[in-house]
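Note sheet for the following structure.
A, B, ... follow the sequence lines: proteins, then strands. Residue 1 opens every chain.
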4 protein chains.
Amino acid sequence: MPKIGMEPIRRQQLIDATLDSVAELGLHATTINTISKRAGLSSGIIAHYFGGKQGLIEATVRYLLNNLKSNLLQKTQGGCTPKQRLMFIVESNFSSMQQQSSTTRTWLSFWVQSMHDDSLHRLQNVNAKRLHSNLASSFKAYLKPEQAHEAANLAAAMIDGLWLRAVLGKANEGEFKKAEQQAKHYVASLIPNGGE
Amino acid sequence: MPKIGMEPIRRQQLIDATLDSVAELGLHATTINTISKRAGLSSGIIAHYFGGKQGLIEATVRYLLNNLKSNLLQKTQGGCTPKQRLMFIVESNFSSMQQQSSTTRTWLSFWVQSMHDDSLHRLQNVNAKRLHSNLASSFKAYLKPEQAHEAANLAAAMIDGLWLRAVLGKANEGEFKKAEQQAKHYVASLIPNGGE
Amino acid sequence: MPKIGMEPIRRQQLIDATLDSVAELGLHATTINTISKRAGLSSGIIAHYFGGKQGLIEATVRYLLNNLKSNLLQKTQGGCTPKQRLMFIVESNFSSMQQQSSTTRTWLSFWVQSMHDDSLHRLQNVNAKRLHSNLASSFKAYLKPEQAHEAANLAAAMIDGLWLRAVLGKANEGEFKKAEQQAKHYVASLIPNGGE
Amino acid sequence: MPKIGMEPIRRQQLIDATLDSVAELGLHATTINTISKRAGLSSGIIAHYFGGKQGLIEATVRYLLNNLKSNLLQKTQGGCTPKQRLMFIVESNFSSMQQQSSTTRTWLSFWVQSMHDDSLHRLQNVNAKRLHSNLASSFKAYLKPEQAHEAANLAAAMIDGLWLRAVLGKANEGEFKKAEQQAKHYVASLIPNGGE
DNA sequence: TATGAATGAGCCTTCATTCAT
DNA sequence: TATGAATGAAGGCTCATTCAT
């Protein structure tokens with residue numbers, strides 16, 4: 001008699017294993033075997049639940065994006081000022097899934113793969129636009145629409161740049177935290193009069 | 001006696017073909033065959049001149065780094081103010097190799113691969129340090145050492161962040177140019193009193 | 001669940017195919033493809049069961065050695081005089097595996113390869129020592145230890161020499177049998193007073 | 001202006017290099033490059049003088065056989081008794097080319113290769129027959145033709161067997177010498193009344 | 001006479017996919 | 001629902017051969 005309701009459990013097991021494997025070995029060296037072994041499951045299960053490797057990769061990226069989204073939602077659900085919201089945006093981009101430091105490199109691996117993979121590129125675009133619109137809508141409390149967009153662009157670039165350098169430089173937690181502080185400071189500097 | 005003086009020509013042909021292939025297909029999908037076909041040569045020639053695929057990849061990265069370096073050197077060789085030098089640094093990071101838009105994504109592919117490849121990581125580190133030290137030494141004309149380093153960090157992050165977003169967003173030339181302007185503007189903003 | 005209990009069958013299929021291929025083509029010309037084709041299986045299966053070509057080669061040699069060993073064991077298990085045991089040793093070295101004439105040359109191929117392959121050399125050493133110790137322990141029924149060792153050396157050399165010349169000379173069954181008789185006769189001649 | 005009379009020099013250089021390479025690496029791992037590098041020449045020269053790798057291999061084997069032959073000739077040219085001649089035959093088989101201990105394994109490599117290579121097999125046959133006929137003709141001084149042939153067979157087998165075990169067992173010079181003594185002793189034992 | 005650049009077939013290995021159970 | 005045996009295409013590498021010089 002087949003076990004019932006295993007699907008969500010198995011899917012999450014495999015997504016977690018994928019994150020692990022990509023973090024440790026890189027996307028390039030991650031295979032169906034490195035994943036299934038980490039999950040303690042057979043390789044065939046991936047075709048069963050995700051249709052194939054590509055399906056699992058996409059599901060994993062979606063999972064990361066959802067995490068990022070809900071992380072911000074959770075931080076802001078109690079209500080907050082636009083400035084606080086900007087800080088939360090920075091925080092969630094630096095920490096959300098990155099609670100396990102492992103996922104930072106995973107994130108970057110997927111990012112780059114998206115340049116040559118249309119379905120990943122679509123997902124990555126959604127994310128970039130969401131970051132921009134989140135930032136812009138908050139900046140609009142302090143700036144004219146045109147300027148708010150400009151500020152959002154710069155803020156997004158600074159967030160990505162600092163985060164990227166931290167990841168590529170194999171930063172430890174302290175350095176990572178410092179990068180986050182620098183990002184916050186820069187974002188704050190884009191608000192006229194400190195948001196008063 | 002076999003044809004003489006072909007070595008540098010062949011090596012460059014293969015490096016160019018590698019840049020092409022990685023730009024179009026990504027590092028993951030770039031094979032000995034995609035490269036040699038683009039170079040109009042046989043696959044065996046790669047082993048002949050570079051020992052193997054890995055050797056060619058590394059030579060290609062070294063070529064990119066050297067280009068970046070000599071590009072800046074050329075811009076500044078006539079003598080310039082520290083502020084001008086900062087602008088040149090931004091420019092060379094945005095444009096050097098990137099004259100052919102193809103190399104932008106190549107650059108990024110190698111960057112990410114460096115997370116899981118020691119020899120590439122070493123090369124990438126050299127580059128990161130050179131950018132930082134170039135920036136810091138220029139900032140020292142206007143700031144105390146400590147602050148100059150801080151400014152160099154922020155400037156480097158902003159350069160990378162804007163460049164990265166331009167690349168991943170598949171920016172056209174105009175958008176790329178705009179990102180460069182934003183980077184310059186930001187770097188200038190880190191100089192007290194506009195460098196007077 | 002996949003087919004169960006196939007492992008020993010597949011392993012034997014592949015070992016048999018290896019013996020065939022090496023016998024016909026030589027170790028040098030034996031490839032993963034010549035083996036897997038003979039086994040009626042795909043090339044990938046070799047990695048699956050033996051980790052690679054080298055693993056299969058070693059397993060095949062081990063199989064030959066085990067056969068030789070159990071062949072002698074079987075002949076002598078009913079109990080026998082030391083002289084009879086010596087004859088059985090000769091017989092098993094001439095015939096054990098060699099019932100299929102194919103394996104004779106295979107055996108020699110592995111033997112020679114062992115000069116440049118450490119893992120094979122270790123296996124080959126075990127075999128050489130076993131032959132010597134089998135002979136020596138039997139000779140000790142008739143000779144002093146020192147002399148028994150000497151006799152074992154000479155007997156082993158004659159067995160190998162006759163067998164080798166038969167193999168290299170592409171002997172037919174009759175010639176092979178004659179070589180075996182000569183070996184037995186020589187071994188018997190090393191026993192004082194014909195073993196009375 | 002092309003150098004004249006280089007041919008015999010180059011041919012010998014390449015044959016020597018082949019012996020070296022096969023001794024050290026085995027026939028399997030010996031390539032046109034390992035040979036030409038040892039000879040201090042280019043790889044193309046092999047095609048030039050021997051038509052290809054196979055031609056060089058055959059020439060090398062012929063060289064070994066000629067050495068063996070002339071070694072015996074030289075030993076016996078002063079005239080000798082049949083018994084002495086038998087001893088010389090043993091000696092030349094143990095030592096002739098084996099002056100450089102390196103060639104022993106080379107010899108064996110070629111021997112085995114001859115099982116799957118017709119032109120080598122023909123050469124190897126010539127050698128086997130010569131050994132047999134040399135031995136038989138000497139034994140005929142002491143035995144009837146039929147018995148002389150039998151003795152020649154046994155003697156040849158013992159010579160090969162002892163020599164083979166010495167080679168495969170990676171014998172040092174002392175052990176090698178001892179094997180030669182055992183061979184001589186055995187051959188002498190085949191002569192009725194010690195040749196008086 | 002001699003070189004070594006260049007080729008491309010063939011090798012072993014890796015791996016996503018398929019499928020019987 | 002889950003397995004892992006089996007496949008076979010594709011990858012990088014090795015190497016004997018060819019040939020312009």
Criterion side-chain contact (heavy atoms from CB on, under 4.5 Å) on D:Leu68 and D:Trp107, from CA distance to verdict: CA-CA 11 Å; D:Leu68 185 58; D:Trp107 193 263; 4.1 Å; yes

Produce a footprint string for nucleotides 9-16 of chain F: one letter per nucleotide, 5' end first; B if the base is under 4.0 Å from any protein heavy atom, S if only the sugar-phosphate is, - if neither. --SSSBSS

Please, what dot-bracket string fits DNA chain F when only Watson-Crick and G-U pairs with both distances under 3.5 Å count, crossing ones use [ ] and pairs to another strand use |? .||||||||||||||||||||

Salt bridge (Lys or Arg N to Asp or Glu O under 4.0 Å) contacts in which one or both residues fall within residues 35-48 of chain B, not counting sequence neighbours: B:Glu24-B:Arg38

Closest to the B:Arg10 side chain, choosing from E:dA2, F:dT7, E:dA6: E:dA6

To the nearest Å, give me how far apart CG (C:Leu56) and P (E:dC12) are. 11 Å

Value in whole Å for how far the P atom of E:dG10 lies from NZ of C:Lys37: 12 Å

Check step by step if side-chain contact (heavy atoms from CB on, under 4.5 Å) holds for B:Gln12 and B:Ile9. CA-CA 5 Å; B:Gln12 193 56 48; B:Ile9 296 173; over 6 Å; no

d(NE2, C:His48; C1', E:dC19) in whole Å: 14 Å

Heavy-atom distance under 4.5 Å between the side chains of C:Leu41 and C:Gln13, does that happen here? yes

Select base, sugar-phosphate, or nothing to describe what D:Tyr49 touches, counting heavy atoms under 4.0 Å on all strands. sugar-phosphate

In whole Å, I'd like the distance from the CG atom of A:Leu25 to the P atom of E:dT14. 15 Å

C:Arg10 side chain to C:Tyr49 main-chain N or O, any donor-acceptor pair under 3.5 Å? no

If I take atom CD in residue B:Gln13 and atom P in nucleotide E:dA5, what distance separates them, rounded to the nearest angstrom? 14 Å

If only atom types and distance count, is the side chain of A:Thr34 paired as donor or acceptor with the main-chain N or O of A:Thr30 below 3.5 Å? no

Hey, are the side chains of B:Phe110 and B:Thr60 touching, using non-hydrogen atoms and a 4.5 Å cut-off? yes

Earlier contact from the 5' end, DNA chain E, for B:Ser42 and D:Ser42: D:Ser42

Could you tell me how far apart D:Phe50 (CZ) and E:dT1 (P) are, to the nearest whole angstrom? 14 Å

Which listed nucleotide (E:dT1, F:dT7, E:dT7) is nearest to the side chain of B:Ile45? E:dT7

E:dT3 P sits how many Å from D:Met6 CE, rounded? 9 Å

Donor-acceptor pair, distance only, cut-off 3.5 Å: does the side chain of A:Ser21 make one with the backbone of A:Ala17? no

Over how many whole Å does the gap from D:Leu14 atom CG to E:dT1 atom P extend? 14 Å

Is a donor from one side chain sitting under 3.5 angstrom from an acceptor on the other, for A:Asp16 and A:Thr18? no

